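Input: a single structure, listed below in structure tokens.
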Amino acid sequence: MLTRSLVVALAFAAGALTVFAFAPFSAALVAPASLALLFIVWSAATTPRRAAALGFAWGLGLFGFGASWVFIALETFGGMPLPVAVIATAGFVAYLALWPALAGWVAARVAPPGSLTRSFAAAGAFVIGEWLRGYVFTGFPWLTLGYAALPGSGALPLAGFAPVGGVFLTSLAVALTAAAIAGFVQALATYQRTRMVALVALAAALVAAGALLRTIDWTHPVGTPLAVSLVQSNVAQEQKFDPAFQPQNYALHADLVRRSRGRVVVLPESAYAQFADEIPAAVLENLATLARERDGMVLAGLFVLLPPATPGADERIHNSVVSLSADPPQLYRKHHLVPFGESIPLKAIFGWFINSVLHIPLADQAAGPALQAPFAVAGQRLAVDICYEDAFGGELAVAARGATILVNVTNDAWYGRSIAARQHNQIAAMRALETGRPMLRATNSGITSAIGPDGRVLAQLPWFTRDVLEVEVTGRGGSTPYMRVGDALALVLAAAVFAGAALAARRCPAP
């Protein structure tokens, strides 16, 4: 019999190993296996408090290893003192771990120990917790288990659920598979043959449904193929905001655009880490001229400074992308800002402290409109998003309705050579699959990539190199079910699974 301490250690280890289910490792089968183990130890927990502790330990393992790269942004590039950065990162990880803890507590409240109903209640609660984690306090939906279902090493075909209900429906499929595995292991111990057969059938049905859904082409090609150049300028993060570096920065981006071949050229996020009116007019005019020569467009990342929205308020700083071409400029302003990196929550209370320990340039920005028009070029419509905005599938699904191609510009150099950039590229792949749209990514240091509407990476540049990725992409029209219903379907079904398990536990409380 394992001691309580060993069971907690086992839950922590299972959470830590779950990181291998995601990019860059992509050992996809680890996700349902790890979650099944969590469900088994939850099932054995004698009290809700005990189940919460085990969920917290599992979350500490997952987020402690899977999101520890936040420390690099805070300490290495944010200038936060080492002890404060350690405490801040630990606090962030602990907060994220509260969500699986809550799921375990709730499941243990509604279903008795050792029961099959507890595992299925846990599956529903776990997915609802994932959604809440991606929503509360502006959200951090990183490491949602559905991402691990994308085609990878031994992945089950559960990603077929993504165009129907997004990453959270995919997570629900993973969680239900894990619940079936956990229930099978428990039934095997007492050789409950009928239950074992039923659980195997459930897992097989989920896999078969995912495989069948993968065969459906939800969208269709629109227009002629478009040649696009994705620029990876690889500017060192410590140089990016240095005023003395700007003349060199102008020259290197002009050279990269000049030698690119695409009709559309996409520069990374904050390629020009300045306000638009601070950039010499000749720099932007040169890019516009190069775009006119190829009857195309250059998308440039920069900052826009606008007057205060109300008298006495601060000027508004917008992280933006602007089009440069023969036509009037089109502008996208980032809507979903990074807390403490681009915005300061409860600024009146905590602003003085954050500004004293964290030194991130332009960290107090304003949000752009929630819905912005796509960029029109060569018969295609480009829905632009900036940095980790592409982690919010429900928001991108709305933007994709009026677009044929998704474009993400980002700067993951904030996280050094950690696994963050590869995780981010996997997240972008899920957005492509959910919307049936190709996703084009131009990043400062990587991963610059072109992703097909089926979520598969078509081409990418090596990490931390200066180069241009030349691709040809065809836009897509039509709508996936997810573009119409968003995350609502996944939430309703997760709630139904939880409620059904809770009701069954009340009617038949015995294991």
Side-chain angles (χ1 to χ4, degrees), residues 124 127-128 130-135 139 141 144-147 149-150 157-176 206 208-223 332 335-336 368-376 379-385 389-408 427-440 451-456 473-499:
V127 173
I128 293 171
E130 283 195 319
W131 180 83
L132 287 170
R133 174 166 59 84
Y135 180 80
T144 297
L145 281 195
Y147 291 117
L150 283 166
L158 299 178
F161 290 98
V164 178
V167 70
F168 295 111
L169 185 60
T170 310
S171 266
L172 182 59
V174 173
L176 288 173
L206 288 167
L212 180 62
L213 289 169
R214 283 289 279 174
T215 66
I216 300 174
D217 197 357
W218 300 100
T219 59
H220 56 267
V222 170
Y332 175 79
H335 168 69
H336 203 128
L371 187 59
Q372 302 178 53
F375 289 18
Q380 302 291 343
R381 299 181 303 280
L382 315 182
V384 178
D385 67 89
E389 283 187 307
D390 65 353
F392 299 90
E395 296 178 8
L396 241 65
V398 174
R401 293 173 187 169
T404 57
I405 298 171
L406 306 180
V407 176
N408 173 257
I427 287 170
M430 179 59 77
R431 301 292 87 84
L433 180 58
E434 287 172 343
T435 61
R437 303 290 194 270
M439 167 71 84
L440 304 177
I451 302 168
D454 60 355
R456 297 182 185 275
V473 61
T474 301
R476 307 281 291 191
S479 296
T480 63
Y482 181 65
M483 290 169 63
R484 295 190 290 270
V485 302
D487 295 327
L489 177 61
L491 287 173
V492 168
L493 291 177
V497 168
F498 176 80

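The figures here come from the full heavy-atom set of this structure, side chains too, leaving out hydrogens, waters and symmetry mates. Quick note: residue numbers are just sequence positions, from 1. All values derive from a computational prediction rather than experimental measurement.
- The two residues A490 and G165 have their closest heavy-atom pair at CB-O, 3.8 Å.
- In terms of modelled atom types and a separation under 3.5 Å, the side chain of R431 and the main chain of L396 share no donor-acceptor contact.
- Put simply, the side chain of F168 does not reach to within 4.5 Å of the side chain of I128, judged on heavy atoms.
- Between the CD atom of E389 and the NE2 atom of H336 there is a distance of 8.0 Å, given to the nearest 0.5 Å.
- Two residues are said to be in side-chain contact when any heavy atoms from C-beta on lie closer than 4.5 Å; V473 and P438 meet this criterion.
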Residue pair L433, R214: steps toward the side chain to side chain contact (heavy atoms under 4.5 Å, CB included) verdict
CA-CA 10 Å; L433 180 58; R214 283 289 279 174; 3.2 Å; yes
Between T474 and V222, does a side chain to side chain contact (heavy atoms under 4.5 Å, CB included) hold up when you go through it step by step?
CA-CA 7 Å; T474 301; V222 170; 6.0 Å; no
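- The closest donor-acceptor contact from the side chain of E395 to the backbone of F392 lies at 3.5 Å or more, if one exists at all.
- Closest of all the heavy-atom pairs between F161 and L169 is O-CD2, 3.7 Å.
- Closest of all the heavy-atom pairs between S171 and T144 is OG-CG2, 3.3 Å.
- Between A432 and I451 the shortest heavy-atom distance is CB-CG2, 3.9 Å.
- Nearest approach of A383 to P374, heavy atoms of both residues: N-CB, 4.2 Å.
- Taking both residues in full, the closest heavy atoms of T170 and L158 are given as CG2-O, 3.5 Å, listed atom of the first, atom of the second, then distance.
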Verdict with reasoning, M430 to L150, per side chain to side chain contact (heavy atoms under 4.5 Å, CB included):
CA-CA 7 Å; M430 179 59 77; L150 283 166; 3.9 Å; yes
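- Separation of atoms CG (D217) and OG1 (T480) is listed at 11.5 Å; rounding is to 0.5 Å.
- Under a 3.5 Å cut-off, the side chain of E434 and the backbone N or O of V167 do form a donor-acceptor pair.
- For Y482 and D487, the side-chain atoms include at least one donor-acceptor pair closer than 3.5 Å.
- Taking 4.5 Å as the limit, every side-chain heavy atom of R437 sits out of range of all side-chain heavy atoms of P453.
- Using modelled atom types, one side-chain atom of E130 and one backbone atom of L145 make a donor-acceptor pair closer than 3.5 Å.
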Show your reasoning for whether side chain to side chain contact (heavy atoms under 4.5 Å, CB included) applies to L440 and N408.
CA-CA 6 Å; L440 304 177; N408 173 257; over 6 Å; no
Solution key, residues 399-407 side-chain donor-acceptor pairs under 3.5 Å, sequence neighbours excluded:
unit_1	atom_1	unit_2	atom_2	d
R401	NE	M483	O	2.8
R401	NH2	M483	O	2.9
T404	OG1	Q380	OE1	2.6
T404	OG1	R381	N	3.0
T404	OG1	R381	O	3.3

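- Between the side chain of H335 and the backbone N or O of G368, at least one donor-acceptor pair lies under 3.5 Å.
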